[in-house]
Structures are given as C-alpha cells and as structure tokens.
Protein chains: 2
Amino acid sequence: MTATKNAPHNAGTVRMSADERRTAAVRAAVEEFSVGGYNGTSTAAIAKRIGVSQPYLFRLFDDKRQLFLAAVEECFRRVVVTFDQATEGLDGIAATHAMGHAYQELLDREPTLLRMQMQAYVAGMDPDLQADIRACWSKLDELVRVRTGITGEELTNFFARGMLCNVIAALDLPKQIYFEETYDEQGDVVHCDYCREAEAAAAAKAADAG
Amino acid sequence: MTATKNAPHNAGTVRMSADERRTAAVRAAVEEFSVGGYNGTSTAAIAKRIGVSQPYLFRLFDDKRQLFLAAVEECFRRVVVTFDQATEGLDGIAATHAMGHAYQELLDREPTLLRMQMQAYVAGMDPDLQADIRACWSKLDELVRVRTGITGEELTNFFARGMLCNVIAALDLPKQIYFEETYDEQGDVVHCDYCREAEAAAAAKAADAG
DNA sequence: ACAGATTTAGTTATTGGTCACTAAGTTTGC
DNA sequence: GCAAACTTAGTGACCAATAACTAAATCTGT
C-alpha cells in the first residue's frame, strides 16, 4: 500500500550487473569508512551513497566485515598503483624520492586514501581483521623494497614519513609544518636532482608512447 | 523488591570519592578505547572494568565524548611525562636520541599508549573531536621542539618514526623489521655515543639525589 | 555525644534509537 | 518466462543517556 500498483519499484536508480554494483559499493565504502571507521560507519550510509537499499548490500557481500576488507584492499591497491606509476623506469634512491613525492601528492589530491589507511591500521587491532590488514601492509612493504632496493634506516624513514602523512591527513594539519617545500623566484616548487631524473624518465616514456 | 530489605545495595564494591573514581575510570577508558576505539567501545565495558554501574559513569562525565577526551589527554600526558624523564639534563641531538629510545621502549612496555594514540588520530577525523585532539598533538610538538631544538628534516623524521611505532603497535608487527638493534658478543644492546651521554646524565642525577 | 539534616556515592529500571542482518516478495531485461 | 537485480518489512541485539530511588558518610546544633 506504500506504492501505486504499477509504478516502478526503484524509479530513478539504474540497473547494474552485480559486479558493477559491487565495484561501486567498494568505492563508496572507501569514502564512508575513511571518515567513520569500521564501527562508526553504517551499511545504510554506504547503500545510500550508491543509491541502493541497505539490505541489498548483503547480497553483494557476506557481511560488513567483508565489505570493509574490500574497501581496505581497494585503498592499498590504489596506493600501489600510484607508486607503480611514479617509479616507472626508476630504481634506487631516485625511485625512493619519486615514491615519497607521489605519496605527499596523495595527501593533497586524495587524502581519503591516507585516512582510510589509518582506519585500516586501527581496525587491525581487532584480531578478526588483523591478519588481512597485515597482508595489505606486507604487499606494500614488498613493493617498496623491490622497487627501491633500500633497507635499514632509509627504509624505516620512508615508511615512517608515510605514516606521518597519514596523521596529517587525519587531523587536517597544514602539511608544511613537517614537509616544507622551497619555491624559486617564480613561485614554482624547487625540485631536487632526483626529481629531475624522474621527470626525464617520464618524458622519455611519453616520447616512447607518442 | 529485587533485593532483601537491609542488604547493602552495592556489596563488594569499595566506596571512593568521585575524584578517585573518575581517575580510575579514565585509566580504564584508556585500556578499553585503545583497542575498541571511540565507536567500538561501550560505556558498559568501561564501567564494568572499574566495578561500577554503567549509568554512574554519566554522573562522573557529561557524556561519552568527555570520557574519551579525558582518556586521550591522559594518554598524551603519559607520553609527555616519559619524554620529560628521558631528557632530563639533555638537549639537542642527545635529547632527540633519548626521546627516540624512550618512545621505542614504550612500544615494548606500554603498547596501549601507542594504540590509544592511533585511536585519537582517527577520532580526530570527527569534526567534534578534531580541535581537542589537535591540541594534544600541538603540546607534544611544542615539547619536542623546545627540549631538542631540532627543526626541519630532523624534526619530521622524529615524529615520523614515532607514527611508525604506533602502526607497529596497532598491527603487532615485529618491531625489528624497521627498528633493528645491534647486539654485542654478550647479547647486550649496543648503545651509541648519545645513549652514553644520556646514561651519564642519569647517573649524575642519581648521584645528586642519593 | 548524638539525633536529625544534608550531601555524596552509588543503584535498578527504562527508553528511544541505531544497526547488522534475514525473509519474503516484486520488478526488469533478455 | 525465468533468472538476476532489487525492494519492503521486520527482528533481536546493543547502546548512550535519563529518571527515580537508596544507603552510607558527614556535618550541625544542642
């Protein structure tokens, strides 16, 4: 009695394949979980964001936990892709610098990704989720090690600075407090030699493609 | 009608002053919130831990938010105290090293404090809490700056490495992955020159007191 | 010294609301 | 016409916060 008999049940929403919906749901989940965290985000909020009823989410995912893990994996996947693209044709310290710059750029362009990471780490305190979150971390660790070849203090500082970026994203601190950039007379960012190497590699690749 | 007429209402629990209870509640809150976070921890769990009814917590604190903030402040206070004690009689790079060591020791001895910090940072994404959490961060930042005098890259790396410790605590990673210590033939930890300076300062202070 | 008054530390019972998840049905594209 | 995409309706569990009450400690006047 709530709807006229022959009016469409779900007017306004587009019909999608389950896989397409799942993908949309994961994207939405990243957005929602990144600010509310696992316990502070309702499945209803995620459903609303993709224009679907809340119970339908449970046809796409076994439970909230699975949806959260999918969001975490998507988040790490996007970071991995970023690192991948940033270090094409580079290795050693040049690759390390490139990754560092790329991550700091994420802080400006996609703070959601860094916030979602924070949420993943605290969710990792729950024994039910810890193993999966650790696996995400390990993959990232692995990528950095093989792409850069750095170890010891250098590796530690790389990840450490990444984690500081995450906190800056969470608290919305002005990033120049800890990451100052220097500008030339034109107001452009001054790049170091490693940056120039990275730019050269990118230019070479572009020339190759074009 | 639920209890025999003259039987004590709260048999088994000790009577405390409100201030004592509040202190106990804050300690319990740090324990509980550090693993469950703001949204994943019930006030009932905290009340149970100090042997008090759940509604009574709301006589001691206005609401859950206040209780959480008290726990966050207690957590940061304990870190500040640790840094304070670790750097007595030191400054400059020696103080920086001493703080760094002290923080890494917290990772072994009081992982709860580092986990609680993570919870504070993600809770700081909530606009209602962000200002207070930022204030805690600022205090810590200020302390490190005045005690060590470091700036720029050095300061950044100091905080960055701290944040990495927090993540290690959260995910229960083996800390030697990023913080290897070297041991001598006796199996004792090898200290650097700055450590020795710190030890000398501590010894001098002990001699002064004794 | 002690009875009554007052404050302080606690209780139980309850409520309004939220949330994850289930069951059973309806619509739509092919 | 059927399978796959989606809905509404509902349930039981939990949870922050309130209300109303009780008992123990402390103060006060005589």
Side-chain angles (χ1 to χ4, degrees), chain A residues 1-26 28-29 32-33 36-71 123 126 128-129, chain B residues 1-26 28-29 32-33 36-71 123 126 128-129:
Chain A
M1 209 63 52
T2 50
T4 326
K5 207 170 277 174
N6 280 351
H9 215 210
N10 51 349
T13 36
V14 205
R15 241 174 124 94
M16 287 183 192
S17 80
D19 270 346
E20 283 172 319
R21 270 287 185 240
R22 234 185 304 266
T23 304
V26 170
E32 291 291 331
F33 281 130
Y38 183 72
N39 288 296
T41 301
S42 70
T43 55
I46 296 165
K48 188 175 184 182
R49 196 178 262 264
I50 58 171
V52 131
S53 70
Q54 177 261 346
Y56 185 55
L57 274 186
F58 291 87
R59 186 131 326 175
L60 301 174
F61 298 89
D62 286 351
D63 49 23
K64 191 185 183 184
R65 182 178 169 276
Q66 290 300 329
L67 177 53
F68 181 75
L69 284 176
D126 180 340
D128 283 0
L129 298 167
Chain B
M1 208 63 56
T2 52
T4 327
K5 206 168 275 174
N6 281 351
H9 215 211
N10 50 350
T13 36
V14 206
R15 237 178 125 93
M16 288 183 191
S17 80
D19 271 346
E20 284 172 318
R21 271 286 185 238
R22 234 184 305 265
T23 305
V26 170
E32 292 290 331
F33 281 129
Y38 183 72
N39 288 296
T41 301
S42 71
T43 55
I46 296 166
K48 188 175 183 182
R49 196 178 260 267
I50 59 170
V52 130
S53 69
Q54 176 260 344
Y56 186 54
L57 273 185
F58 292 87
R59 187 134 324 175
L60 301 174
F61 299 88
D62 286 350
D63 49 23
K64 192 186 182 184
R65 183 178 168 276
Q66 290 299 329
L67 176 53
F68 180 76
L69 284 175
D126 180 340
D128 283 359
L129 298 166

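To find a chain, count down the sequence lines: A is the first, B the second, and so on, and within it residues start at 1.
Here the C1' atom of nucleotide dA16(D) and the CG atom of Asn39(B) are 12 Å apart, to the nearest Å. Atom CD1 in Ile50(A) sits roughly 12 Å away from atom C1' in dA5(D) (whole-Å rounding).
DNA chain D lies under 4.0 Å from at least one heavy atom of each of the following residues of residues 55-64 of chain B: Pro55(B), Phe58(B), Arg59(B), Asp63(B), Lys64(B).
Map Gln54(B) and Met16(B) each onto its nearest nucleotide of DNA chain C; the residue landing nearer the 5' end is Met16(B).
For Thr43(B), a side-chain nitrogen or oxygen approaches OP1 or OP2 of dA16(D) to under 4.0 Å.
Residue-level contact check: Ser42(B) touches the backbone only, with heavy atoms under 4.0 Å from sugar-phosphate atoms and none from bases.
A pairwise comparison of heavy atoms in Ala25(A) and Leu57(A) identifies CB-CD2, 4.1 Å as the closest pair. The two atoms that bring Thr43(A) and Lys64(A) nearest to each other are CG2-CG, 3.9 Å, heavy atoms only. The nearest pair of heavy atoms linking Tyr56(B) to Arg21(B) is CE2-CG, 4.5 Å. The two residues Arg49(A) and Ala28(A) make their nearest non-hydrogen contact at CD-CB, 3.5 Å.
Proximity of Val26(A) to Phe61(A): side-chain heavy atoms (C-beta onward) are separated by under 4.5 Å at one or more points. In this structure the side chain of Phe33(B) reaches within 4.5 angstrom of the side chain of Ile46(B), judged on heavy atoms.
Under 3.5 Å, the side chain of Arg15(A) and the base of dA4(D) form at least one donor-acceptor pair of N or O atoms.
Comparing dA9(C), dA5(D), dT7(D) against the side chain of Ala18(B) picks out dA9(C) as the nearest.
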